J.: 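Pasting in a structure now, in structure tokens, and then I'll have a few things to ask.
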Amino acid sequence: MTATPSTQRPIRIGSRKSQLALVQTEWVQAQLQARHGDRSFEVVTMTTQGDNILDVALAKIGDKGLFTKELELSMLRQETDLAVHSLKDLPTHLPDGLMLGAITRREDPADALVLGAKWLGYTLETLPAGTIIGTSSLRRLAQLRHHYPHLSFKDVRGNLNTRLAKLDAGEYDGLILAVAGLRRLGFGDRISQVLPASVSLYAVGQGALGIECRSNDPEILSLIKTLEDPETAARCLAERAFLRQLEGGCQVPIGVHTVIEQGQLRLTGLVASLDGQRLVKDTITGDPSTAEVLGASLALTLREQGASEILAEIFATVRPER
Ligand code: DPM
């Protein structure tokens, strides 16, 4: 590739300021720069609402797009040209004028157990009754309560570094976190156990990055499309269609698992009650080119199996505080 000095304006990439967000955005910036040497890419950081609300349990904050709204507004005001998100934090409905332009290759989407020093060598199975596990994810909470009713669970907020510091200070015996975030920040060696699909289905989009851009900006879209991983995209589009058909305004215990095997996309989806007593789970398989149809249709199957009642109960109990 020949890099001729650019006379065109730099392309501006919006990012949150957290360490994880910056690592992810700088990776996208480097990938874009490597592929499009004739352009220059700069990162513009901003604080989102979600970064400022660290004391309220995430599940109780009704607003969607907590970590994405400010980034989106800046694209609509033409102050930035694209935004990099953890795909799982990007709502399934995007504002008018914006689109999900590309989905990058997924890191391991699984959840992980990180244990305090005193418990190293234990697993969720062998930890003694009453051990305190930190998570603010209703999805993780419901599934773990179901499989490990002997454990206790406690809310935990803050970025990854803050959470690990709370663990090391003894506030928790263990934490459940995404493998992807831990690895990207260099904490992969703190993982005690990677949770299998039989224990925890992951969040929609977990481990992938979503790059958002203006719908009417084909130039930017074609630049970012070069970072798309088709397999991850098909899996995540199925997962997002599944969630879109089910969700209703706040975080809910919904988990997924997808694979592409022998050219077929297999999507497993789950809706759980908060106490972990009821789990509705099923699987659908089909052509990856019909990913969104598969996702929406699996959602309807789960509704028929009782997911609608579970979700209605949750929306009635987890009231937004703001
Ligand atoms: C969303 C959830 C969490 C984040 C809910 C869920 C976890 C909250 C918690 C939608 N966003 O997963 O059921 O555990 O208290 C988040 C993380 C990452 C992106 C951190 C994590 C990194 C992994 C990735 C927070 N958003 O899940 O440990 O890029 O997928």
Side-chain angles (χ1 to χ4, degrees), residues 15-16 18-25 27-28 48-51 53-68 71 84-92 103-114 133-145 153-164 166-167 172 174-188 190-191 194-195 199-211 232 235-236 239-240 243 246-247 249-258 269-272 274 276 314 318:
S15 176
R16 292 172 55 215
S18 79
Q19 199 192 343
L20 180 60
L22 282 174
V23 166
Q24 295 177 166
T25 304
W27 180 85
V28 167
T48 66
Q49 211 189 347
D51 298 311
I53 310 174
L54 294 175
D55 49 338
V56 180
L58 203 56
K60 296 196 175 156
I61 304 168
D63 253 9
K64 300 214 284 175
L66 213 56
F67 295 106
T68 54
L71 299 171
V84 180
H85 310 283
S86 282
L87 185 57
K88 80 163 170 171
D89 293 325
L90 185 66
T92 55
I103 298 175
T104 65
R105 192 161 63 87
R106 200 170 215 176
E107 181 39 287
D108 184 342
D111 289 327
L113 171 68
V114 177
I133 305 294
T135 179
S136 297
S137 155
L138 299 181
R139 174 184 61 81
R140 291 170 179 155
L141 181 69
Q143 295 185 90
L144 294 180
R145 271 187 180 151
F153 298 94
K154 194 170 135 188
D155 250 326
V156 55
R157 287 300 322 268
N159 63 38
L160 219 52
N161 302 284
T162 310
R163 290 183 187 207
L164 291 172
K166 288 179 178 175
L167 174 71
Y172 302 85
L175 297 173
I176 307 293
L177 294 164
V179 168
L182 286 164
R183 288 213 184 126
R184 287 190 186 121
L185 288 189
F187 294 123
R190 297 223 43 184
I191 295 175
V194 173
L195 308 190
V199 168
S200 184
L201 296 192
Y202 42 81
V204 164
Q206 188 160 309
L209 305 183
I211 311 179
T232 306
R235 291 170 61 189
C236 291
E239 296 171 14
R240 285 172 65 80
L243 180 62
L246 287 173
E247 88 188 332
C250 62
Q251 268 211 64
V252 281
I254 292 177
V256 291
H257 182 268
T258 46
L270 160 124
V271 175
L274 287 182
I314 292 168
V318 186

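Just so it is clear, the structure is predicted and the values come from calculations on it, not from any experiment. As the structure lists them, so they are numbered: ligands from 1, and atoms in each ligand from 1.
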J.: For a side chain to side chain donor-acceptor pair (under 3.5 Å) check, start with the C-alpha distance between Asn161 and Gln19, then their side-chain angles and the critical distance, and finish with the verdict.
T.: CA-CA 9 Å; Asn161 302 284; Gln19 199 192 343; 2.9 Å; yes
J.: Is it the case that ligand 1 has an N or O less than 3.5 angstrom from some N or O of Gly207?
T.: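 Yes, Gly207 has an N/O under 3.5 Å of an N/O on ligand 1.
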J.: Going by the order shown, which atoms of ligand 1 are within less than 4.0 Å of some heavy atom of Ala178?
T.: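 Ligand 1 atoms under the 4.0 Å threshold to Ala178: 21 (C), 23 (C), 27 (O), 28 (O).
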J.: As an exercise, identify every atom of ligand 1 less than 4.0 angstrom from a heavy atom of Arg139.
T.: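 Within the 4.0 Å cut-off of Arg139, ligand 1 contributes 6 (C), 12 (O), 13 (O).
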J.: Does any N/O atom on Ala180 come nearer than 3.5 Å to any N/O atom on ligand 1?
T.: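 By distance alone, the answer is no.
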J.: Does Leu182 come within less than 4.0 Å of ligand 1, judged by its heavy atoms?
T.: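 Outside the 4.0 Å threshold, so no.
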J.: Listed by chain and number, what are the salt bridge (Lys or Arg N to Asp or Glu O under 4.0 Å) partners of Arg183, not counting sequence neighbours?
T.: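 Arg183: salt bridge (Lys or Arg N to Asp or Glu O under 4.0 Å) contacts with Glu107.
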J.: Would you mind listing which atoms of ligand 1 come within a distance below 4.0 Å of any non-hydrogen atom of Ala203?
T.: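 Near Ala203, meaning under 4.0 Å from one of its heavy atoms, ligand 1 has 12 (O).
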J.: At a 4.0 Å threshold, what atoms of ligand 1 neighbour a non-hydrogen atom of Leu177?
T.: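 Matching atoms, with element in brackets: 28 (O).
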J.: Give a yes/no on ligand 1: does Gln143 have at least one heavy atom closer than 4.0 angstrom to it?
T.: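 No; Gln143 lies far enough from ligand 1 that no heavy-atom distance drops under 4.0 Å.
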J.: Between CG of Leu20 and CD of Gln24, what distance do you get to the nearest 0.5 Å?
T.: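 Reported to 0.5 Å precision, the distance equals 4.0 Å.
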J.: Please could you name the atoms of ligand 1 that Leu20 approaches to less than 4.0 Å, counting only its heavy atoms?
T.: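 Listed by number with element, the hits are 22 (C).
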J.: Within ligand 1, which atoms have a heavy atom of Arg184 less than 4.0 Å away?
T.: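 That gives atoms 29 (O) of ligand 1.
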J.: Take Ser200 and Asp111 through the test side chain to side chain donor-acceptor pair (under 3.5 Å) and record every step on the way to the result.
T.: CA-CA 7 Å; Ser200 184; Asp111 289 327; 2.8 Å; yes
J.: When you look for heavy atoms under 4.0 Å from ligand 1, do you find them on the side chain of Arg140, its backbone, both, or neither?
T.: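 Looking at Arg140 and ligand 1, just side chain atoms fall under 4.0 Å.
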J.: Which ligand 1 atoms does Asp89 reach within 4.0 Å, using its non-hydrogen atoms?
T.: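 Matching atoms, with element in brackets: 1 (C), 4 (C), 10 (C), 11 (N), 16 (C), 19 (C), 26 (N).
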